[in-house]
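Input: a single structure, listed below in structure tokens.
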Amino acid sequence: MKLPPLRAVQCFEAVARLGSFSKAADDLHVTQSAVSHQVKLLEEYLGDTLFNRQGRFLSLTDVGERYFSEVSQSLVSLSRVSEEIREGKSGQIRLALYSSLAVKWLIPRLDDLRQTYPEIDVVLTMVADEPECSDAVADCFITVNPPEKNYVSEFLYSERLYPVCGKKLWHEIKDKPLPEALWQPPLLSVQYSLSATNQPEDWAEWCERGGFELPEHVNISYFSHVLLAAEAARYDQGISLVNDYLITEQEQHNFVRIPLHELPTGDDFYFVYKASRARQKELIKLGRWLKQQCLE
């Protein structure tokens, strides 16, 4: 399908809308002769006259009236779809975030979001690894690696891990000296990297921060995901290092936070969205709500 010169169509629309070649030139920030030339090209392309020119008086021909009506509707549709792509569909927000964060932290809080901002419809996309910040994936993201260009990054929180266990296991070790009591039950270690060897790197770093070494005789159970390690701890199968977002209010009665030091992971979590959408009301409200949840 052969299309007319788009620049010529734009110039025609401006002249027809403003009723003047000079006003159209000012509106488009070009010279009047440039506008006249583009309109002439369009008339030659269509094979018909679009304007009646009688001295200073300018009016649309019948063909021009018909063409202006179609062009105006098409430009409105083009503007609307461009705005939706640039700023997102009003009301609905696609949020991509890590699966553990979605399942254990965000989903239990969604009812509060709906009550606070009922006009926002959040569609969740869970990712196992770092989400690709692209419109094809979502409208906004929670990530530890925000893009450096063309995106807004709003800080949410810095990740810290701390040791937890189930209540039954805690009852067995609570009267024993710490950290020595931790070496008796299994330690539940998460292998965060596919290339990781069978070494409890998370526990080794935690011990180093506490100023002591991890004993060689400790029984270690390995898991591919922190959700699995947290569930095993909940069922008294050992002691795990978890982020506090993994323990919801509903589950706090199943866990005990062992009174020892935390381990900062060095990961900062950010709420990220395209800079072109910085004025979108739904994103502003969602970001405000997420930051408030991180403070609680």
Side-chain angles (χ1 to χ4, degrees), residues 96-109 124 126-131 142-145 156-269 294:
L97 69 167
Y98 307 111
S99 54
S100 58
L101 192 64
V103 172
K104 291 297 186 179
W105 185 77
L106 183 58
I107 289 178
R109 291 171 163 80
L124 299 183
M126 296 194 305
V127 295
D129 298 314
E130 192 63 31
I142 295 180
T143 175
V144 298
N145 290 310
L156 294 178
Y157 73 96
S158 297
E159 184 180 48
R160 294 176 179 271
L161 305 179
Y162 57 81
V164 301
C165 65
K167 284 196 169 183
K168 180 180 177 182
L169 182 55
W170 174 245
H171 183 73
E172 296 175 1
I173 66 173
K174 66 178 182 178
D175 295 326
K176 299 177 181 179
L178 295 173
E180 289 77 14
L182 272 60
W183 316 142
Q184 299 174 15
L187 297 182
L188 311 177
S189 178
V190 179
Q191 300 283 287
Y192 288 96
S193 171
L194 294 176
S195 61
T197 59
N198 284 340
Q199 297 294 327
E201 296 179 2
D202 48 357
W203 279 104
E205 292 180 11
W206 182 83
C207 289
E208 182 179 359
R209 183 171 181 81
F212 44 81
E213 293 185 0
L214 180 67
E216 295 182 359
H217 68 274
V218 175
N219 183 14
I220 306 290
S221 295
Y222 294 97
F223 296 85
S224 62
H225 200 286
V226 66
L227 286 179
L228 299 176
E231 283 297 289
R234 184 162 78 94
Y235 286 101
D236 299 298
Q237 295 177 21
I239 302 172
S240 179
L241 290 170
V242 302
N243 190 308
D244 54 1
Y245 70 70
L246 287 178
I247 302 179
T248 63
E249 292 183 6
Q250 294 87 341
E251 291 183 336
Q252 284 182 358
H253 65 280
N254 294 318
F255 288 95
V256 174
R257 177 174 175 176
I258 299 173
L260 288 168
H261 62 278
E262 300 174 337
L263 174 64
T265 65
D267 286 336
D268 292 333
F269 285 68
C294 291

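Start at 1 with the first residue, then count along the sequence. Here the structure is a predicted model, which means the values were calculated and not measured.
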Note: P131 and I142 closest approach over all heavy atoms is CG-O, 4.2 Å
| message | Donor-acceptor check, side chain of D202 to backbone of V190, threshold 3.5 angstrom: yes or no? | response | yes
*Can you tell if the side chain of T265 reaches within under 4.5 Å of the side chain of N243, non-hydrogen atoms only?*
no
Tightest non-hydrogen contact, residues M126 and V103, listed as SD-CG2, 3.7 Å
Paired with S221, the side-chain contact (heavy atoms from CB on, under 4.5 Å) test is passed by just one of S189, P185, P186, namely P186
CG of D129 to OG of S99, rounded to nearest 0.5 Å, is 9.0 Å
d(L241 CG, R160 CZ) to nearest 0.5 Å is 14.0 Å
Checklist entry - Which is it for L187 and L214 under the side-chain contact (heavy atoms from CB on, under 4.5 Å) test, yes or no, and what are the steps along the way? => result CA-CA 11 Å; L187 297 182; L214 180 67; 3.6 Å; yes
Hits for side chain to side chain contact (heavy atoms under 4.5 Å, CB included) against N145, two or more places apart or cross-chain, chain-then-number order -> E130, T143
Using side-chain contact (heavy atoms from CB on, under 4.5 Å), reason through L106 and L101 one step at a time and then give a plain yes or no. CA-CA 6 Å; L106 183 58; L101 192 64; 5.7 Å; no
What one should report as the nearest heavy-atom pair of R234 and F255 is CB-CZ, 3.4 Å
With sequence neighbours left out, the residues meeting ring-ring contact (aromatic ring centres under 6.0 Å, His included) with Y162 are none
Residues A232 and L188: closest non-hydrogen pair is CB-CD1, 3.7 Å
Checklist line | Crowding at CD, Q184 (>12 non-hydrogen neighbours, <6.0 Å) | finding: yes
Rounded to the nearest 0.5 Å, the CH2 atom of W105 sits from the CZ atom of F269 at a distance of 10.0 Å
Report task. Verify, without hydrogens or angle tests, whether D236 (side chain) and K168 (backbone) share a donor-acceptor contact under 3.5 angstrom. Result -> yes
Interatomic distance, CD1@I239 vs CD1@I258, rounded to 0.5 Å, equals 4.0 Å
Rounding to 0.5 Å, atoms CG (L161) and OG (S240) come to a distance of 8.5 Å
Residue set satisfying salt bridge (Lys or Arg N to Asp or Glu O under 4.0 Å) with R257, at least two apart, ordered chain then number -> E262
- Task: Kindly indicate whether the side chain of H171, heavy atoms from C-beta on, has any atom under 4.5 Å from the side chain of V256.
- Result: no
Q. What do you reckon, is OH of Y235 surrounded by more than 12 foreign heavy atoms closer than 6.0 Å?
A. no
Sorted by chain and residue number, the side chain to side chain contact (heavy atoms under 4.5 Å, CB included) partners of L228 (sequence neighbours excluded) come out as F223, S224, H225
Hits for ring-ring contact (aromatic ring centres under 6.0 Å, His included) against W203, two or more places apart or cross-chain, chain-then-number order -> W206
Interatomic distance, CG@N219 vs NE2@H217, rounded to 0.5 Å, equals 10.0 Å
Residues pairing under salt bridge (Lys or Arg N to Asp or Glu O under 4.0 Å) where one sits in residues 173-188, two or more places apart or in two chains, turn out to be none
Nearest heavy-atom contact between E231 and K104 is OE2-NZ, 3.5 Å
